[in-house]
S.K.: 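Below you'll find the structure I mean.
Within every chain, numbering begins at 1; the chains are lettered A, B, ... in the order of the sequence lines, protein sequences first and strands thereafter.
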4 protein chains.
Amino acid sequence: MPRVTDEHRAARREQILRAAWRCVAREGFHGSTMAHVIAESGLSAGAVYGYFKGKDELLYAIAERSIARIDEVFHEMLAGDAAPDPADVLETVLDRLMTLAEDPDGDFTLIAVQAWGEAARGGPFLDLLEPQFKEIRGHWIEVARRWQAAGRLGADAEPEQVGRVLLGLMPGFIVQRLVLGGVAAPGYANGLRALMSPSTRAGAAG
Amino acid sequence: MPRVTDEHRAARREQILRAAWRCVAREGFHGSTMAHVIAESGLSAGAVYGYFKGKDELLYAIAERSIARIDEVFHEMLAGDAAPDPADVLETVLDRLMTLAEDPDGDFTLIAVQAWGEAARGGPFLDLLEPQFKEIRGHWIEVARRWQAAGRLGADAEPEQVGRVLLGLMPGFIVQRLVLGGVAAPGYANGLRALMSPSTRAGAAG
Amino acid sequence: MPRVTDEHRAARREQILRAAWRCVAREGFHGSTMAHVIAESGLSAGAVYGYFKGKDELLYAIAERSIARIDEVFHEMLAGDAAPDPADVLETVLDRLMTLAEDPDGDFTLIAVQAWGEAARGGPFLDLLEPQFKEIRGHWIEVARRWQAAGRLGADAEPEQVGRVLLGLMPGFIVQRLVLGGVAAPGYANGLRALMSPSTRAGAAG
Amino acid sequence: MPRVTDEHRAARREQILRAAWRCVAREGFHGSTMAHVIAESGLSAGAVYGYFKGKDELLYAIAERSIARIDEVFHEMLAGDAAPDPADVLETVLDRLMTLAEDPDGDFTLIAVQAWGEAARGGPFLDLLEPQFKEIRGHWIEVARRWQAAGRLGADAEPEQVGRVLLGLMPGFIVQRLVLGGVAAPGYANGLRALMSPSTRAGAAG
DNA sequence: AATGAATGAGCGTTCATTCAT
DNA sequence: AATGAATGAACGCTCATTCAT
């Protein structure tokens, strides 16, 4: 019965992970005690520790999942070789991000911010976030490159620098939304469109 | 001799605050114990509690100072009624930010990220950050407004939306620098300049 | 097929006991967890508990076996009615003891010392060790008695007291070997021989 | 007020150590929980941890004290250059040992046996016991050497071997007393005297 | 005003044991 | 008979905070 057992283990792991997710989305990394997670999971302490070595591993797994969600958002975005408008990409990406953020289990962006705070101090969380940030930045650099190839970006523009700015818009959106609220994907994308389409003396924005 | 006493109190408060700042910049909000702060301050536990009600108040004061620094960065920026290029503003602002971040007492952006994480969960940290974010956003909106008034932004662009994007670039810069490193003010500003100065060559988007 | 079942049960019991023995010889009574024993035995938790009521019973069984080995060492030693030299008996006994101690499954003297520690506090381990110590002491008293009967011990010597001393030499050997190493049966027996054969030269003690 | 504070600290340390001593003498190393020690000490958990890093350090300190007591027993024993009868030394030593063992705080020999069990597995307890055993063995070797110099031991006897035997008599006494009871210093010493004064065919013991 | 020893609730974790399968 | 996932009481320990001096 290995199939059943493996499925069972995976389901239990998921159950715990979701419970921890809910706790962290509600109370942050440090406000979430193992006792909370255990109670939320409906399991016993021993059971939880059978699936995760300890609190650190659990938080790590949650952070992993949280930032993986940001990455997901790019899938299919760059399929083909089209040169989408960066503002359109941003809108799509943030739109998906907001859909995911409305998860009834809890807002993953809140967890992501916790993870940034942890990663800032170095250690395993930094090791986790670094490659994922790099990958997402790579996506944005690719967007910039294509945009440049399509003749929409100055020939002397450096896609790496443009990519940094585009990547930067994402944490900017997330933090702003969490702290101020009232930020939505279309408006934010429009702000970028306006910046990207400056009036040529008496020009018109998009 | 109330003057002396008041000065004394202020000096002591500052001494504690700086000690806590160093701790938090090194170990984060939760990694910093009161014992660490007390040791770092060179005072006794009782003395520290004589100036701050508890850890929360101390962290709050640190967060306050940390984000105040971001605000500082705008001072004199918008004096007069010039209409500076947003990318120039960004470069100046980030340049100052990096100077402040190199404080030997510890990187204030690290503390800021901790504060965002805390604020995301609501509570006093949100109440602290919200008005400060609002004010900084106000600065950016003003930048956008003047840019528009100078005819450099489409007439139908909404400065509020543009301001959100410009504000967003700051946390984006901070997080990216902490996680990936290798981000500097001029290059980041150049990325924005490139986006804002699209090729005038006719091009078609995807 | 009760025979087969009984044999099977005995084999399983032995399998568990040996696994526990290995664990205890490696990590002591308290350092050995049931999880270790279970893993070492290759059986499941449930299976182990099917053969032993709990950890206490298992440790008890191990202690039993460990001190039984010390007793073994006397078998045939006192067969017949010879009056062997106590030092010779000691040498033979310790020699056998060391052979047993080199069991690849682990040093039984290490387990014995654990058992002494437990027995010192009273309880079942004391009830276990007491009769076994008594029996071994009985052997030594018998050695002393025969030695006296052979005219090698003063007529007014009390074999019970001599037996206590001879018994005492055994834990002394075991502990000394575990803590200091470098103790071997022949040298230790020689030490006793030297004490038992004082110089006949006239001398005065201090 | 450093004097007072230092004395205070020393007194508190002693208070905790004695509480732990009582617990260990009653329940052994592993049966003694920190909660027990804390309750017994009359202090709080935090206070205890202010004086001892953790349970290990506390047990180590107790073991240290326990075996130090065995060493004490030799003080003044070998002052001067007399050549005392080993059996007399043994009697004195064991007599002192029993006096110390009757400490109302708990029998130190019980603690010593716990320490032997721990040391047998290597680690810090072995490092602690090894030099102390060596020193005590050194005392016994000196006793043997003097006895030999006084012409009471065969010229070809090796004091090192005799010393091992004499040292061995001590754990033998301790364990036997704990497990069987009914062992006292004079009787035990008499047993040794009897062994050391064999009848010369029809001789008389001392 | 300042000290720092003391507090104790609550933390993360372990592990002997059980029981549905 | 055998499994091993699950249990949960109890463990060692931390740390924000207090208060007698």
Side-chain angles (χ1 to χ4, degrees), chain A residues 1 4-5 8-9 11-12 16 30-39 41-59, chain B residues 5 8-9 12 30-39 41-59, chain C residues 5 8-9 12 30-39 41-59, chain D residues 1 4-5 8-9 11-12 16 30-39 41-59:
Chain A
M1 65 186 83
V4 173
T5 293
H8 175 86
R9 277 198 70 80
R12 274 278 187 269
I16 293 162
H30 301 279
S32 300
T33 69
M34 286 305 283
H36 292 163
V37 173
I38 287 157
S41 74
L43 292 171
S44 65
V48 169
Y49 279 89
Y51 290 91
F52 294 91
K53 264 186 173 174
K55 191 184 181 185
D56 286 351
E57 195 175 303
L58 198 43
L59 294 181
Chain B
T5 294
H8 181 246
R9 278 197 67 84
R12 276 271 190 271
H30 301 280
S32 301
T33 68
M34 287 303 283
H36 291 165
V37 173
I38 288 158
S41 74
L43 294 172
S44 67
V48 170
Y49 277 87
Y51 291 92
F52 294 90
K53 262 186 169 174
K55 191 183 182 183
D56 288 350
E57 197 176 302
L58 197 43
L59 293 181
Chain C
T5 294
H8 180 247
R9 279 197 67 83
R12 277 273 189 269
H30 302 279
S32 300
T33 69
M34 287 304 281
H36 291 164
V37 173
I38 288 158
S41 74
L43 294 172
S44 66
V48 170
Y49 277 87
Y51 291 92
F52 293 92
K53 262 187 169 173
K55 191 184 181 183
D56 287 350
E57 195 176 303
L58 197 43
L59 293 180
Chain D
M1 66 187 84
V4 173
T5 292
H8 175 87
R9 277 198 70 82
R12 274 277 187 270
I16 294 162
H30 301 281
S32 300
T33 69
M34 286 306 283
H36 291 164
V37 173
I38 287 157
S41 74
L43 292 171
S44 65
V48 170
Y49 279 90
Y51 290 91
F52 293 91
K53 265 187 171 172
K55 192 184 180 184
D56 286 351
E57 195 175 303
L58 197 43
L59 293 181

S.K.: Nearest-Å distance, CZ (A/Arg9) to P (F/dT3)?
M.R.: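 Value for this atom pair: 17 Å.
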S.K.: For E/dG10, does OP1 or OP2 lie under 4.0 Å from any side-chain N or O of A/His36?
M.R.: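 Checking E/dG10 against A/His36, no side-chain N or O comes under 4.0 Å of OP1 or OP2.
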S.K.: My understanding is that a pair needs two contacts under 3.5 Å, Watson-Crick or G-U wobble. By that rule, which nucleotide pairs with F/dC13?
M.R.: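 Because both required distances fall under 3.5 Å, F/dC13 counts as paired with E/dG10.
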S.K.: Any chance you could list the contact pattern along nucleotides 12-19 of chain F? Use B for base contacts, S for sugar-phosphate-only contacts and - for none, protein heavy atoms under 4.0 Å, 5' to 3'.
M.R.: SBBBSBBB
S.K.: In whole Å, what is the span from the NE2 atom of D/His8 to the P atom of E/dT3?
M.R.: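 Spelled out: NE2 on D/His8 to P on E/dT3 is 18 Å.
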S.K.: Residues two or more places apart in sequence or in another chain: which of them pass side chain to side chain contact (heavy atoms under 4.5 Å, CB included) with C/Thr33?
M.R.: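 Per chain and number, C/Thr33 pairs via side chain to side chain contact (heavy atoms under 4.5 Å, CB included) with C/Ala35, C/His36.
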S.K.: Is A/Ile16 close to A/Leu58 at the side-chain level, that is, under 4.5 Å between some pair of heavy atoms?
M.R.: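 Yes; the side chains approach each other to less than 4.5 Å.
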S.K.: Should F/dA20 form a Watson-Crick or G-U wobble pair with both distances under 3.5 Å, which nucleotide is its partner?
M.R.: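 Per the H-bond distance test, E/dT3.
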S.K.: Check whether any side-chain nitrogen or oxygen of B/Arg12 sits under 4.0 Å from OP1 or OP2 of E/dA2, and answer yes or no.
M.R.: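 The answer is yes; a side-chain N or O of B/Arg12 sits under 4.0 Å from OP1 or OP2.
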S.K.: Identify every side-chain donor-acceptor pair in residues 49-56 of chain C under 3.5 Å, counting partners at least two apart or on other chains, and give the distances.
M.R.:
unit_1  : atom_1 : unit_2  : atom_2 : d
C/Lys55 : NZ     : C/Phe29 : O      : 3.3
C/Lys55 : NZ     : C/Ser32 : O      : 2.8

S.K.: Ignoring backbone atoms, establish whether B/Ser44 has a side-chain N or O less than 4.0 Å from OP1 or OP2 of E/dG4.
M.R.: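 No, no such contact exists.
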S.K.: Calculate, to the nearest 0.5 Å, the distance between atoms CE and CG belonging to D/Met34 and D/Leu59 respectively.
M.R.: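 Output value for this atom pair is 8.0 Å.
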S.K.: When the distance from CG of A/Leu43 to P of E/dT14 is rounded to whole Å, what number comes out?
M.R.: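 My rounded result for the distance is 17 Å.
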S.K.: Within the 4.5 Å heavy-atom criterion, are A/Ser44 and A/Ile38 side-chain neighbours or not?
M.R.: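 Side-chain contact under 4.5 Å: no.
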S.K.: Identify whether any heavy atom of C/Phe52 sits under 4.0 Å from a base atom; if not, whether one sits that close to sugar-phosphate; answer base, sugar-phosphate or nothing.
M.R.: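 No contact.
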